[in-house]
Novice: 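The structure that follows is given in the form of structure tokens.
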Number of protein chains: 2
Amino acid sequence: MQQHYPSSTREVTATLKAHGISPTRQRVELGRLILSRPQHLTADALYDMARARNAPVSRATVYNTLRLFSGQGLLNEVVIDANAKYFDSNLQPHQHLFNTTTGELTDLDSNKLLVTGIPKLPRNAHIEGIDIVIRYSDAAEH
Amino acid sequence: MQQHYPSSTREVTATLKAHGISPTRQRVELGRLILSRPQHLTADALYDMARARNAPVSRATVYNTLRLFSGQGLLNEVVIDANAKYFDSNLQPHQHLFNTTTGELTDLDSNKLLVTGIPKLPRNAHIEGIDIVIRYSDAAEH
DNA sequence: GTCCTTGCAAAGTCTTTGCAACGTG
DNA sequence: CACGTTGCAAAGACTTTGCAAGGAC
């Protein structure tokens, strides 16, 4: 199932409504910034982005909106390390490639990676997800 | 290669020295608590543990010591989600099983899980590690 | 004695919250 | 108008740091 990334005001408004979120000006602005393509943003990066586009929004609203979007299934939270909490607009199952030298985070298609040997879990256990992060550095180790 | 988990004062002292860490009373106490077996502890849990054993150590020292131990390769940091930063005394390659209902975090043997399909990285890229967390819940979804 | 370590308290960072003003229907 | 939302500033959780007192060798 392909994912759609809404970019226009109208599209974002419709997406928010479809997820039970009332489309205020700030939410639509933030939605256009983060939902329009697969990407990973921190709260701070989104805040800066909004200001840069002359669509200033308070930090509180950025945090509240990200929390709301995640709760309503519009974003996933990705924790790459203790100091980097990203919100990911790509909702397809996928994995991450993290360049520890540059901090660059890229997506890997789910169907390219295969994990085998997952142990049996208790009968009532329900797997919610498998998070995979491949970390690599650019610098050669000497 | 099997890993040894030092538990006596003497063993921990030797381990610290072997890693270039001067074995002060606080460090040896904390080392005995966290290095003696494979486990995952947060800074706060270690702090509480030390107090419970009548080996009180300040929070600053707990944080500084955990940072030092990690930097010297005695511990790994594991981030399971945005609100849970653990220090893991198991240095063998392994993966994590995280029960989202109870918060329980268990280790999986590296050789049971197999990941295939890792894409080619640039020539000078060096894979530092592959972090895998399988999240599951106890509750049945109705 | 010299240098490193500790513990306290203060400062920092990131995130959430209380609340009055504001907007939307 | 009623209700939800925003923005500010304050509060919170967690972690780091400055510095004087204390400890290791």
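Proteins come first, then strands; the chains are lettered A, B, ... in the order of their sequence lines, and each starts at number 1.
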Novice: Roughly, in whole Å, what's the span from CG in Leu68(A) to C1' in dT16(C)?
Specialist: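 Atom-to-atom, Leu68(A) to dT16(C), this comes out as 15 Å.
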Novice: State whether Thr61(B) places a side-chain N or O below 4.0 Å from either non-bridging phosphate oxygen (OP1 or OP2) of dG7(C).
Specialist: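 Indeed, a polar side-chain atom of Thr61(B) lies that close.
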Novice: Whole-Å distance between dC14(D) C1' and Tyr86(B) OH?
Specialist: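 Spelled out: OH on Tyr86(B) to C1' on dC14(D) is 15 Å.
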Novice: On DNA chain D, compare the nucleotides closest to Arg59(B) and Arg27(A); which residue's is nearer the 5' end?
Specialist: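 Upstream on the strand: Arg27(A).
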Novice: For Ile21(B) and dT6(C), give me the distance from atom CD1 to atom C1', rounded to whole Å.
Specialist: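 For the pair Ile21(B) CD1 and dT6(C) C1', the rounded distance is 16 Å.
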Novice: I want to verify a distance call: between dT16(C), dT17(D), dG7(C), whose nearest atom is closest to the Asn64(B) side chain?
Specialist: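 Nearest listed nucleotide: dT17(D).
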Novice: Return the value, rounded to whole Å, for the distance between atom CD of Glu29(B) and atom P of dA24(D).
Specialist: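 Nearest whole value for this atom pair: 11 Å.
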Novice: Measuring to OP1 and OP2 of dT5(C), would you say a side-chain N or O of Ser22(B) lies under 4.0 angstrom away?
Specialist: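 Yes.
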Novice: Test of understanding: clusters of I, L, V, M, F, W, Y form through side-chain heavy atoms closer than 4.5 Å, transitively. Do Ile80(A) and Tyr136(A) belong to the same one?
Specialist: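 No.
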Novice: Which pair of non-hydrogen atoms, one from Leu41(A) and one from Ala45(A), has the smallest distance, and what is that distance?
Specialist: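 Where Leu41(A) meets Ala45(A) most closely, the heavy atoms are CD2-CB, 4.2 Å.
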Novice: Respond yes when some side-chain nitrogen or oxygen of Thr24(B) is under 4.0 Å from OP1 or OP2 of dT6(C), and no when none is.
Specialist: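 For dT6(C), OP1/OP2 do have a side-chain N/O of Thr24(B) under 4.0 Å.
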Novice: Between Asp44(B) and Lys17(B), which is nearer to the 5' end of DNA chain D once each is assigned its nearest nucleotide?
Specialist: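 On the 5' side of the pair lies Asp44(B).
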Novice: Distance only, no hydrogens: is a donor on one side chain within 3.5 Å (strictly under) of an acceptor on the other, for Thr61(A) and Gln26(A)?
Specialist: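 The answer is no; no qualifying pair exists.
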Novice: Can you tell me which residue pairs pass the salt bridge (charged side-chain N to carboxylate O under 4.0 Å, His left out) test with a partner in residues 32-54 of chain B, sequence neighbours excluded?
Specialist: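 Passing the test, one end in residues 32-54 of chain B: Asp44(B)-Arg59(B).
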Novice: Do the rings of His40(B) and His96(B) sit parallel, tilted or perpendicular, given the 30° and 60° boundaries?
Specialist: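 Perpendicular, since the angle between the ring planes exceeds 60°.
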Novice: Within this structure, what is the CZ-to-C1' distance between Arg25(A) and dG7(D), rounded to whole angstrom?
Specialist: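 Going from CZ in Arg25(A) over to C1' in dG7(D) covers 11 Å.
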Novice: Whole Å only: how far is the CZ atom of Arg51(A) from the P atom of dG7(D)?
Specialist: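 From Arg51(A) CZ to dG7(D) P: 11 Å.
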Novice: Please tell me which of the listed nucleotides, dG7(D), dT17(D), dG7(C), lies nearest to the side chain of Arg67(B)?
Specialist: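 So the nucleotide nearest the side chain must be dT17(D).
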Novice: Whether Tyr63(A) contacts dT16(C) is assessed here as follows: a side-chain N or O lying under 4.0 Å from the phosphate OP1 or OP2. Is that the case?
Specialist: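 Result: no.
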Novice: Would one find a side-chain N or O of Gln26(A) under 4.0 angstrom from OP1 or OP2 of dG7(D)?
Specialist: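 Result: yes.
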